[in-house]
Amino acid sequence: MPRNRTYLMCPPEHYEVAYAINPWMDTSTPVDSELALKQWERLRETLSGLGHTVHVLAPAPYLPDMVYAANGALTVDGVAYGARFKYAQRTAEAAAHRAFYEAGGWEFRAPAQTNEGEGDFAYLPAAYGGLILAGYGFRTEPAAHAEAQDVLGRPVVSLRLVDPRFYHLDTALAPLDDRAVAYYPGAFSAASQRVLRQLFPDAVLADEADAYAFGLNLVSDGRNVVLNSEATGMARKVEAAGYAPVLVELSELKKGGGSVKCCVAELRPLRRG
Ligand code: ARG
């Protein structure tokens with residue numbers, strides 16, 4: 001069943017590929033800024049059309065990756081654990097996200113450890129009573145996993161990412177609802193694959209082509225699964241698992257190494273009762 005969600009997005013007004021900090025970024029490839037904005041707008045409309053609330057974070061000049069709003073924090077039950085970016089080019093984004101949470105009455109917790117928010121953290125409220133999955137190997141430091149557990153009071157399971165194309169957890173694994181996930185095993189170390197099999201024996205398994213088409217970089221409300229239009233194989237897999245795929249085109253945002261999920265942070269306010 002779908003559940004109404006609240007999301008945070010940031011329009012790609014200053015988006016460009018001005019530096020390369022992941023294998024998808026190539027500074028010699030031109031970006032169509034107008035098309036990027038149009039595609040982002042479509043994504044926002046798609047999410048509001050599904051009944052969700054979308055907050056918009058004001059974009060800042062000279063922060064071209066700010067469109068990837070998922071990286072700004074991880075929120076659980078009204079608490080926002082802030083980001084601390086690995087690369088200097090993105091450092092200043094953290095303060096913009098912090099200001100958003102502080103103005104919105106969230107309990108904001110500043111991080112001491114390097115972590116890129118929902119890029120490397122996923123939250124499953126109904127798995128094992130509330131479970132955080134966390135990636136490391138490229139961006140987020142394992143020390144941030146322990147910090148997230150201390151701040152948010154949920155068990156954190158550390159998963160090692162091994163393929164540089166899938167440098168954030170959200171390029172390799174996605175929650176499909178409050179307890180189920182889809183993932184591409186090849187993005188994880190053998191030991192982490194074993195951990196995932198143990199925790200999620202019924203997971204939807206993606207293959208390399210699905211992951212390469214950013215098919216795991218999806219946003220699901222528990223029924224509707226919004227994903228990149230190139231990920232047709234992944235769309236069929238989630239449909240076979242009982243979900244409703246919704247395809248959106250994000251070719252321009254892919255040039256920065258991101259797709260649907262990267263552009264969308266989920267805001268999880270305190271749940272009562
Ligand atoms: N260019 C950005 C970076 O390398 C892309 C971030 C993608 N975001 C994500 N949640 N995976 O940091």
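Just follow the structure's listing: the first ligand is 1, and inside any ligand the first atom is 1. One-based numbering along the sequence shown.
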Distance-only N or O hit between ligand 1 and Asn217, under 3.5 Å: no
Location of contacts on Arg90 toward ligand 1, heavy atoms closer than 4.0 Å: side chain
Ligand 1 versus Tyr167: contacting region, heavy-atom distance under 4.0 Å: side chain
Contact check: Met25 vs ligand 1, nitrogen or oxygen atoms, below 3.5 angstrom: no
Contact check: Asp170 vs ligand 1, nitrogen or oxygen atoms, below 3.5 angstrom: yes
Pair Thr75-Glu266, side-chain donor/acceptor within less than 3.5 Å: no
Side-chain H-bond candidate by donor/acceptor type, Asp65 with Tyr15, under 3.5 Å: no
Ring center gap for Trp106 and Tyr81 short of 6.0 angstrom: no
Side chain, backbone, both or neither: Arg139 near ligand 1, heavy atoms under 4.0 Å: side chain
Arg154 side chain to Tyr123 side chain, donor-acceptor N/O pair below 3.5 angstrom: yes
Atoms in ligand 1 flagged as close to Asn71, the criterion being non-hydrogen separation under 4.0 Å: 6 (C), 7 (C), 8 (N), 9 (C), 10 (N)
Gly258, Cys262, Gly119: member with heavy atom nearest to atom 8 (N) of ligand 1: Cys262
Minimum-distance protein heavy atom relative to atom 2 (C) of ligand 1: Asp65 OD2, 3.4 Å
Aromatic plane relationship, His145 with Tyr136 - under 30° parallel, 30 to 60° tilted, over 60° perpendicular: perpendicular
Closest approach of any protein heavy atom to atom 1 (N) of ligand 1, naming residue and atom: Gly256 O, 2.8 Å
Cationic N near anionic O, under 4.0 Å, Asp210 to Lys237: yes
Stepwise side-chain contact (heavy atoms from CB on, under 4.5 Å) test for Trp40 and Glu45: CA-CA 9 Å; Trp40 180 89; Glu45 286 164 8; over 6 Å; no
